[in-house]
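Only one structure is covered here, and it is reproduced in the block below.
Numbers restart at 1 for each chain; the letters A, B, ... are given by sequence-line order, proteins then strands.
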Number of protein chains: 2
Amino acid sequence: MTDQIKIEEIINSIYQVSSASRAKITSAMEIEFFEMGFDFISVNKKNIKEYFVLEGICGSYITNPDGDKVFISFFPEKSILSPFTTRTSKGFSLITIKALTNMKIGSINAEVFEKLMVEDLEIREFANTVLRNELKKKVEKEIGFASLSAKERLIKLRQELPYLENIIPHPYIASYLGITNVSLSRLRKEIR
Amino acid sequence: MTDQIKIEEIINSIYQVSSASRAKITSAMEIEFFEMGFDFISVNKKNIKEYFVLEGICGSYITNPDGDKVFISFFPEKSILSPFTTRTSKGFSLITIKALTNMKIGSINAEVFEKLMVEDLEIREFANTVLRNELKKKVEKEIGFASLSAKERLIKLRQELPYLENIIPHPYIASYLGITNVSLSRLRKEIR
DNA sequence: AATTCATTTTAACAAATGATAATGGAACTC
DNA sequence: GAGTTCCATTATCATTTGTTAAAATGAATT
């Protein structure tokens with residue numbers, strides 16, 4: 001499958017957009033490759049791109065006062081990273097995003113994308129849907145944290161990303177679940 | 001101050017809107033009164049309104065499997081409740097919203113508001129700003145939970161809503177902070 | 001196949017948090 | 001103003017979770 005087709009698939013999976021409008025997006029996109037472990041967006045640095053994950057998986061995290069990474073979200077293949085505006089404050093990134101495997105990513109300058117939004121209703125609707133989905137994910141996560149135990153959250157995470165425990169370091173997963181890697185290991189034993 | 005002026009103030013504090021457009025909103029609004037303790041939006045019930053808090057304070061919560069209320073957000077005077085679409089799934093409310101004091105609230109049918117959005121660009125921009133602010137709050141809360149201890153989260157909450165501990169039951173605040181009311185009491189003693 | 005390296009699991013202990021119930025204090029009622 | 005009610009605080013104890021370090025596992029390399 002070509003990169004372009006993959007990008008168009010991602011767009012259409014979120015909001016049906018005419019091929020003409022899709023082409024506006026894809027033609028302004030670049031393909032980038034990141035090696036596993038690379039932080040391609042860094043907290044307190046400038047970054048003005050929107051990203052589509054074509055291959056691999058990445059995760060957003062922040063570093064707490066103890067210096068530990070706390071993962072906020074994971075972005076698997078065929079997903080779109082949290083939109084630029086939602087992860088940026090006063091021009092600087094609020095979070096770091098780390099490639100958790102080798103990755104192939106489609107990127108587009110956020111200002112260019114903003115222009116496309118203004119001039120093209122379909123693209124605007126697509127972007128608003130991305131934003132609403134982002135909010136929906138946050139609400140779901142918020143409710144999950146409020147109503148579920150760590151064990152239940154792990155079970156839920158496994159339903160969404162079953163392979164995650166096999167490909168990324170467990171301390172990252174533990175931080176996402178709000179527990180230590182030792183507790184994660186105890187849970188894994190428990191719910192084998 | 002009349003209710004109408006208060007509503008217009010709330011609108012303008014979020015996004016500058018012409019008085020003509022503001023009037024479209026206010027003229028479609030009703031004033032409602034809720035007694036302290038009343039759940040005016042209930043989980044798994046239908047609710048299709050947008051709400052502006054004119055007087056008093058309310059909070060959204062979910063009930064976990066143990067039957068405990070876990071508070072998600074607080075909405076003080078002059079704030080707007082999370083928009084209908086963000087707290088509703090398949091027509092049913094995801095959360096319950098409880099009046100934590102006696103309240104006066106401005107409400108507008110969400111479908112009516114949706115129509116105003118479609119026909120009026122300013123109102124649409126206002127609504128999109130509300131949505132973006134909602135997302136921003138969730139991101140802030142998410143990052144706060146990831147990077148702060150319960151004690152630091154309490155300090156932050158006090159900066160935002162200093163009077164909260166004096167007017168609502170501490171178990172509600174504790175659930176918001178992710179701790180028990182006993183632990184909250186210990187923290188209060190510590191950071192007196 | 002042996003070695004090395006990274007990572008998860010396990011163990012032992014310490015610390016923090018939760019559960020339960022008793023105590024204390026403030027507001028309200030009669 | 002005594003009694004009642006509702007909460008927050010405190011105390012005690014049990015449980016959970018975290019910390020640290022050692023052991024086991026598994027993948028990669030020579």
Note to self: Working to the nearest 0.5 angstrom, can you tell me the gap between F34(B) CZ and T101(B) OG1?
What the structure shows: 12.0 Å
Check: In whole angstrom, what separates N166(B)'s CG from dT9(D)'s P?
Finding: 10 Å
Check: Whole Å only: how far is the CD1 atom of I167(B) from the P atom of dA27(C)?
Finding: 15 Å
Next item on the list: Would you indicate whether the side-chain heavy atoms of I155(A) and L148(A) approach each other to under 4.5 Å?
Entry: no
Check: Should the pair F40(B) and Y51(B) be assigned to parallel (<30°), tilted (30 to 60°) or perpendicular (>60°) ring geometry?
Finding: perpendicular
Please list each protein N or O that sits under 3.5 Å from an N or O in nucleotides 16-21 of chain C, with the distance.
| from | atom 1 | to | atom 2 | distance (Å) |
| --- | --- | --- | --- | --- |
| dG18(C) | OP2 | T180(B) | OG1 | 3.2 |
| dG18(C) | OP2 | S183(B) | OG | 2.4 |
| dG18(C) | N7 | R186(B) | NH2 | 2.7 |

Checklist line | Dot-bracket pairing map - DNA chain D, Watson-Crick plus G-U, both contacts under 3.5 Å, | cross-strand | finding: ||||||||||||||||||||||||||||||
Notebook entry, point to check: Looking only at side-chain N and O atoms, does R188(B) come under 4.0 Å of OP1 or OP2 in dA8(D)?
Noted result: no
Next item on the list: Test the K46(B)-F92(B) pair against the cation-pi criterion, namely NZ or CZ under 6.0 angstrom from the six-membered ring centroid and within 45° of the ring axis.
Entry: yes
Check: In whole angstroms, how far is the C1' atom of dT9(C) from the CD atom of E165(A)?
Finding: 14 Å
Notebook entry, point to check: S21(B) side chain to I123(B) main-chain N or O, any donor-acceptor pair under 3.5 Å?
Noted result: no
Margin query: Distance check needed: dT17(D) P versus R153(A) CZ, whole Å only.
Written below: 10 Å
Checklist line | Check ion pair K138(A)-E134(B) (N to O, under 4.0 angstrom) | finding: no
Margin query: Testing E122(A), E8(A), E9(A), Q16(A) one by one against R22(A) for a side chain to side chain donor-acceptor pair (under 3.5 Å), which residue passes?
Written below: E8(A)
Notebook entry, point to check: Atom NZ of K189(B) and atom C1' of dG24(C): how far apart are they, to the nearest Å?
Noted result: 13 Å
Note to self: So if I define the base as every atom that isn't primed, P, OP1 or OP2, how would nucleotides 23-28 of chain D read as a B/S/- string at a heavy-atom cutoff under 4.0 Å?
What the structure shows: ------
Check: How long is the line joining CE of M36(B) and C1' of dA27(C), in whole Å?
Finding: 12 Å
Note to self: What is the separation between atom CD1 on I173(A) and atom C1' on dT8(C), rounded to the nearest whole Å?
What the structure shows: 12 Å
Margin query: So that I can tick it off, tell me whether R188(A) and E165(A) are bridged by a salt bridge, with the cut-off set at under 4.0 angstrom between side-chain N and carboxylate O.
Written below: yes
Note to self: Between K6(B) and E55(B), does any side-chain N to carboxylate O distance fall below 4.0 Å?
What the structure shows: yes
Checklist line | Test item: P76(B) and L161(B) side chains (from C-beta on) under 4.5 Å apart, heavy atoms | finding: yes
Next item on the list: Rounded off to whole Å, could you give me the CG-to-P distance for the L154(A) and dT8(C) pair?
Entry: 14 Å
Next item on the list: Give a yes or no on whether a salt bridge exists between E30(B) and K49(B), defined as a side-chain N under 4.0 angstrom from a carboxylate O.
Entry: no
